[in-house]
Each structure stands twice: as C-alpha cells, then as structure tokens.
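I have placed the structure first, in the form of structure tokens, so that the comments after it can refer back to it.
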Amino acid sequence: MLAGKSFAHRLPRLRVTTPMLAVVVALFLVSTGNNSFWSATASAAEISWRENFRFAVAIFVMLVAAFTLVIAPFGFRFLFKPVISGLLILAAVNSYFMDTYGVVIDAGMLRNTIETDPSEVDGLLSPVLFWHVLGAGVLPALVVYWLPVRYATFPKQLGRQLLTMTLALGVVGAALYSHYKEFSLVGRENRSLRYLINPTYSIYAAGKLLAAELSAGEVALRPLGRDAYQPPDRSPDGKPRLVVFVLGETVRAHNATFEGYERKTMPLMAQEEIVSFDSVYSCGTATAVSLPCMFSRQNRSSYDEFASDNRENLLDVLKHAGIRVLWRENNSGCKGVCARVKTQNTTQMTVPTYCNTDGCFDEILLYQLDKWLSESQGDTFVVLHQQGNHGPEYYKRYPPEFRKFRPECRSNRPQDCSRQDLINAYDNAILYTDFVLSQVLKVLKSKSDRYASAMIYMSDHGESLGESGIYLHGLPYLIAPHEQTHVPLMVWTSFDFRSERGLERKCMRQMSDDEYSQDNLFDTVLGLFAVQTQVYRPGQDIFAACRAIALTGR
C-alpha cells in the first residue's frame, strides 16, 4: 500500500479523469484482447491494409466507443478501479482460451465450465496461461490501481459520466453511419461475430445465464410419461431385455468409423455384427447441452435447458414402465439426468488396475458390472458415461498399450503439437474406446442365458482438431463446424433380442442410410423396450419401421 502511494506521489502530472481512463482501457481491450474477433472480421469483410482499410478503422473506432460506453457508468470512486481491473483480467482469461482453442465464451460454455470437474480444469491450465493472464490482465490492472485518478463531487462526476456516455454513443452512431452499407452487409451475413467481442459478450452470456437461473427458481418437477407400461407381448419363456447405452465423450464421426477413414480405429467393432449410422448429429457442442438434451423429450430445435432441468426425462419414463435403470459415471457428472435413478460413480471405486492420479480409464465402467447384472432381474437399461476423448489431454484417456499411432501429442496445448501428433493421440483414445466396447459385448454375450441384449454407442458431441485453427468444442451451434456436431452411432443386438422385437438385420442396415440426430434416442430406446406411453413418437424411433414390416410381413 505504501509503495502504491509513493508511486502515485511521484506521478502528480499523470493524474487522469475517469473519461480519459475509460477511453485508454477501451483502446487496450480492443487492441490486445480481441485477436479472434479481428481475425474473423478480417476474413468475413475481406479487410486488408490496402482494401477496406477505412472500414477497419470505422470498426475499431466503433468498438472503442462502445467499450467506453460500457465502462463509463462505473466511473465513481471505490467502483471505477475494481470494475476496470476485473474487465482487464476477465478479458485476458477469455482471450487466451479464444485465441488458443478457437472457442467462444457463451452461456453454453459458461454452463459447461461450471459443471465440469477439477481434473478437466487442470487439463486446461498451463504456464503459458499464467504468463498471458499476468501480462495482459494482472499487470495492466495493477497499473490502473496505482494510477492517480481525479474524481469530482458526486453531482459533477455524474454529469461527467453522462456526457462521456453521450459522446461515446455519438461516436458509435457516426462510425456506423460512415460505413453503413458495409456494416449492414457484414453484420447480416456474419451474426456470429458478436460472439467474439471480448469481454462484453461473455459478460452478457453470464448475465443471461444468471437471469435464467433466477427466473427458474424453485420449480416443481414436471412429470413425464407417468402412463408408461410394457404390454405382455413376449412369449412365456421370453428373456428379459437388457440394453446398455455407452455414452461417448468428444468423439467425432469421421475418426470413429469402419469406412471412409484411412485408419482402423475400431478394428474390434468391425468384426462384430454392428449397425453403424453415418449421418447422425448432436443436440449441442458441449456435454452440458448435449447430454440432458438427448435424454429429454424436447428436440434440438426447441430445446430449453432450464425447462429440461425441471422435467422428467427418458430414464424416468423407463422407471415408470417398471424397467430397472443404472447410471455408471466416469465423467464430470450426468447434468441432472440421473438424479432419480440408481447411480454409481467411479470416484467411489478405487481400483488401481484402472485408475491413477489422472482419474480412471473407461474400463472402470465395467468393474463388477457382471455381478450387478447377475443379481438384478427383469428388463434393464444401463448407461455407461465415458471419459472417452475428453481433451485437450487426449493422451491421458488410454493405457500405454494403446499407443499405436505415434508420435502422439502429450500436451494440454494442442497448437504446440503438429496436427498429425494431435490426431495420433486422439485416434489412440478411440482405439481404446473400441476395446472398451468389445468388453461390453463380452459381458452381454456372457449373459445370453439370462437376457436378450442390445448395445448402443453414441457420442455426446464431436471435436475440432485444428481445422481452420479451431480446437476442442463448444462453439455455438449456429457457427459450429461439422467436426463438432457429426457424431458416431452404433447398435449391436443379440439374436434373441432381434427375434423378440421383430428386428431383421437387413432392415436395420437399411435404416442406417438415413440421417438422424440425438433427438431419435428417446423414442428408439422406448421402442426397444416396447414401452407404451403417450409421449412416445413412432416417427422418431429409428427401428419402428422394421418392427412394422415384421408385423405386416411386407
């Protein structure tokens, strides 16, 4: 504190007013914290030093004025410096992740961050992040803290701030007017550019998220499918049905396929009688959205995460129908989906064979599952939520014996590796998932005397691996690349299951040629268990047509 006062006394001529400092901070934020915005804007507007330079200047001036307009209302003693310091540090954190991974800090990303676990956060930390935040955020904030600022009496200060806001608003208007045609064309065709304005868009997204949470309040849980039941349609000696849904993490369809990819990342599944779907798309680009969405009655186009949080889901409907449900978790949580069913978390299973200081490999999901299935009776639905390919440390998602593709990227900063090394690590993780799926089938086949079994594998969303300079996932769906929304879907069924449900493999393979999304999961699972309820929609059940063909003989 004494050092700060000494520094201030040595700089009497540097005493500034709040409007001056607001403009300087706005200039700093626009110049240093918005590289992603400028890069995207330059591409969208075809801006260069020789062409459209005046339009670039107009954008710059407009942003500086707009930031000044945002900062000016806080220009009062005891409020001004804390707000500016917070903005500088927030902008530094945001710019690191936006520039490094090509992500957007929107409401979905914030929700995903809040619901993540410490191990995932640790995977994103690095010395580079520390130095970036220190240099671009903390040090400028300290300069602001030490800088002498001249405040007026409250009435005069209020008038000063109102004048600043008026002038800033005028500059924004003048900048827009000077190149209205360009602003109109670029803005209309590239609405996603607003997502990249740092840090104002992340603040807006946080406010939107908070407002939605507060408005939701203590809402009573809305029932769903309470009329669900299973008709006695099987023969007296028919076996109970067992469906295991393996919920993958961050696996994109292009790298997890039997055909169309130069590598055999799923050799074991290729040997099984698997029905693989080539055109399946996720509900979101982050687990916090895709996971609850795929289990909800809502479709992606109408999905409301807050309404979903307060309504029963697919697992509840299965329970209403008398089906036993088990959720096994090896990720950052079920996002509320499994709140009312039996849940087993791998953090409670200390098994050295499968676990280390970085967490547990996905084989932990099968630990003593055979025993649990032997003790249970009746129709059963099991969800295995994988760690899968959660990045950026893909190399931590598989045991050493699965390091087939080398050299592999062993860093939490994928841009520091060659793209091929990054893909090698990513593909090794898929190779391990292939092994885990083979072990699931091994368990199901061992229970063939007790159950008619099926396995479904679907990833929650995809992943960007450096295409167009974008890494990881989580971009708004409107602008998300194909790699983040195109996901794998595979289905395996035992002979008894197909016979009991009237499913022919030929027909199932024909269904795989069509396009689907995670919207189809809800009704497809209900159809596999023959659940009757008013919330069932046959048109979204992938295999409903096959059962209809079996019944009519056509």
Side-chain angles (χ1 to χ4, degrees), residues 242-258 265-266 269-270 272 274-300 303 313-315 318 325-331 334-335 337-338 362 365 381-390 397 429-430 432-434 436-438 440-441 444 453-463 473 477 480 482-493 508-509 511-529 540-543:
L242 167 61
V243 177
V244 175
F245 176 50
V246 183
L247 176 54
E249 168 67 45
T250 320
V251 176
R252 63 188 200 177
H254 177 70
N255 297 57
T257 183
F258 305 147
T265 55
M266 292 199 136
M269 288 299 96
E272 300 287 348
I274 298 288
V275 178
S276 180
F277 296 76
D278 296 327
S279 300
V280 182
Y281 296 89
S282 64
C283 185
T285 61
T287 306
V289 176
S290 285
L291 195 159
C293 180
M294 72 172 76
F295 285 92
S296 77
R297 177 62 288 179
Q298 303 173 73
N299 288 340
R300 188 191 71 79
Y303 178 68
N313 56 60
L314 171 61
L315 303 187
L318 293 175
V325 180
L326 170 67
W327 184 287
R328 281 200 156 194
E329 179 64 46
N330 191 37
N331 205 305
C334 67
K335 315 307 178 188
V337 172
C338 64
D362 283 331
L365 292 168
F381 184 65
V382 177
V383 181
L384 306 179
H385 188 195
Q386 290 186 294
Q387 186 72 236
N389 279 50
H390 198 287
R397 307 303 171 219
I430 295 178
Y432 177 58
T433 287
D434 176 64
V436 172
L437 294 178
S438 73
V440 173
L441 293 186
L444 296 184
S453 303
M455 181 191 76
I456 304 171
Y457 170 74
M458 177 190 283
S459 181
D460 58 352
H461 53 77
E463 184 87 325
H473 54 268
Y477 210 94
H482 185 77
E483 292 83 8
Q484 294 188 24
T485 60
H486 189 199
V487 296
L489 169 61
M490 303 174 190
V491 177
W492 175 90
T493 49
M508 294 175 70
R509 292 189 183 279
M511 294 298 104
S512 69
D513 295 332
D514 296 334
E515 182 175 311
Y516 302 99
S517 73
Q518 291 175 342
D519 295 344
N520 297 97
L521 178 67
F522 192 107
D523 301 287
T524 300
V525 171
L526 292 183
L528 292 177
F529 282 107
Q540 290 193 180
D541 180 350
I542 294 175
F543 301 121

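A donor-acceptor pair shorter than 3.5 Å can be found between the side chains of D460 and T287. Between the side chains of N331 and E249, at least one donor N or O lies within less than 3.5 Å of an accepting N or O. Side chains of N299 and Q540: a donor on one and an acceptor on the other come within 3.5 Å. For H385 and E329, the side-chain atoms include at least one donor-acceptor pair closer than 3.5 Å.
Proximity of a side-chain donor or acceptor of Q518 to a complementary backbone N or O of M458 within less than 3.5 Å is not detected. Between the side chain of R252 and the backbone N or O of E463 there is at least one donor-acceptor pair closer than 3.5 Å.
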Query raised in the report: For Q386 and L365, what are the C-alpha separation, side-chain angles and deciding distance, and is it a side-chain contact (heavy atoms from CB on, under 4.5 Å)?
Result: CA-CA 8 Å; Q386 290 186 294; L365 292 168; 3.9 Å; yes
Report task. Test side-chain contact (heavy atoms from CB on, under 4.5 Å) on V383 and L326 and set out the steps. Result -> CA-CA 6 Å; V383 181; L326 170 67; over 6 Å; no
Requested in this report: Start with the C-alpha distance between L247 and M294, add both sets of side-chain angles, then the distance that settles side-chain contact (heavy atoms from CB on, under 4.5 Å), and finish with yes or no.
Outcome: CA-CA 10 Å; L247 176 54; M294 72 172 76; 3.6 Å; yes
Query raised in the report: Are V487 and T485 close enough, and set up right, to give a side-chain contact (heavy atoms from CB on, under 4.5 Å), and what steps lead you there?
Result: CA-CA 6 Å; V487 296; T485 60; over 6 Å; no
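Take R328 and apply the salt bridge (charged side-chain N to carboxylate O under 4.0 Å, His left out) test, not counting sequence neighbours, and it matches no residue. For the ring-ring contact (aromatic ring centres under 6.0 Å, His included) test, residues two or more places apart in sequence or in another chain that qualify with F295 are F245, W327. With sequence neighbours left out, the ring-ring contact (aromatic ring centres under 6.0 Å, His included) criterion links F277 to Y516. Among residues two or more places apart in sequence or in another chain, the side-chain contact (heavy atoms from CB on, under 4.5 Å) test is passed with A429 by N389, R397, Y398. By the ring-ring contact (aromatic ring centres under 6.0 Å, His included) test, H482 is found to be paired with Y281, H486, residues two or more places apart in sequence or in another chain being considered.
Applying the salt bridge (charged side-chain N to carboxylate O under 4.0 Å, His left out) rule to pairs touching residues 517-527 yields R297-D523, sequence neighbours excluded.
A distance of 8.0 Å separates CG in L526 from CG in D541, rounded to the nearest 0.5 Å. The distance from atom CE of M269 to atom OG1 of T257, rounded to the nearest 0.5 Å, is 13.5 Å. To the nearest 0.5 angstrom, L489 atom CG is 7.5 Å from I456 atom CD1. A distance of 12.5 Å separates CG in D278 from NE2 in H254, rounded to the nearest 0.5 Å. To the nearest 0.5 Å, atom NE2 of residue H473 and atom OG of residue S282 are 10.5 Å apart. Atom SG in C283 sits 7.5 Å away from atom OH in Y477 (nearest 0.5 Å).
The nearest pair of heavy atoms linking W492 to S453 is CZ3-O, 3.8 Å. The two residues T524 and F543 come nearest to each other via the heavy atoms CG2-CD1, 4.0 Å. Across all their heavy atoms, C293 and Y303 have their closest contact at CA-CE1, 3.6 Å. Between T285 and Q484, the closest heavy-atom pair is CB-OE1, 3.8 Å. Taking every heavy atom of both residues into account, P488 and V251 meet most closely at CD-O, 3.2 Å. Annotation for T433 and M266: closest pair CG2-CE, 4.1 Å, computed over non-hydrogen atoms.
Under the 4.5 Å side-chain criterion, counting only non-hydrogen atoms from C-beta, L315 is in contact with V337. With a 4.5 Å cut-off on side-chain heavy atoms, V275 and M490 do not count as touching.
The side chain to side chain contact (heavy atoms under 4.5 Å, CB included) test with N520 singles out one residue from V525, I542, D514, V280, and that residue is I542.
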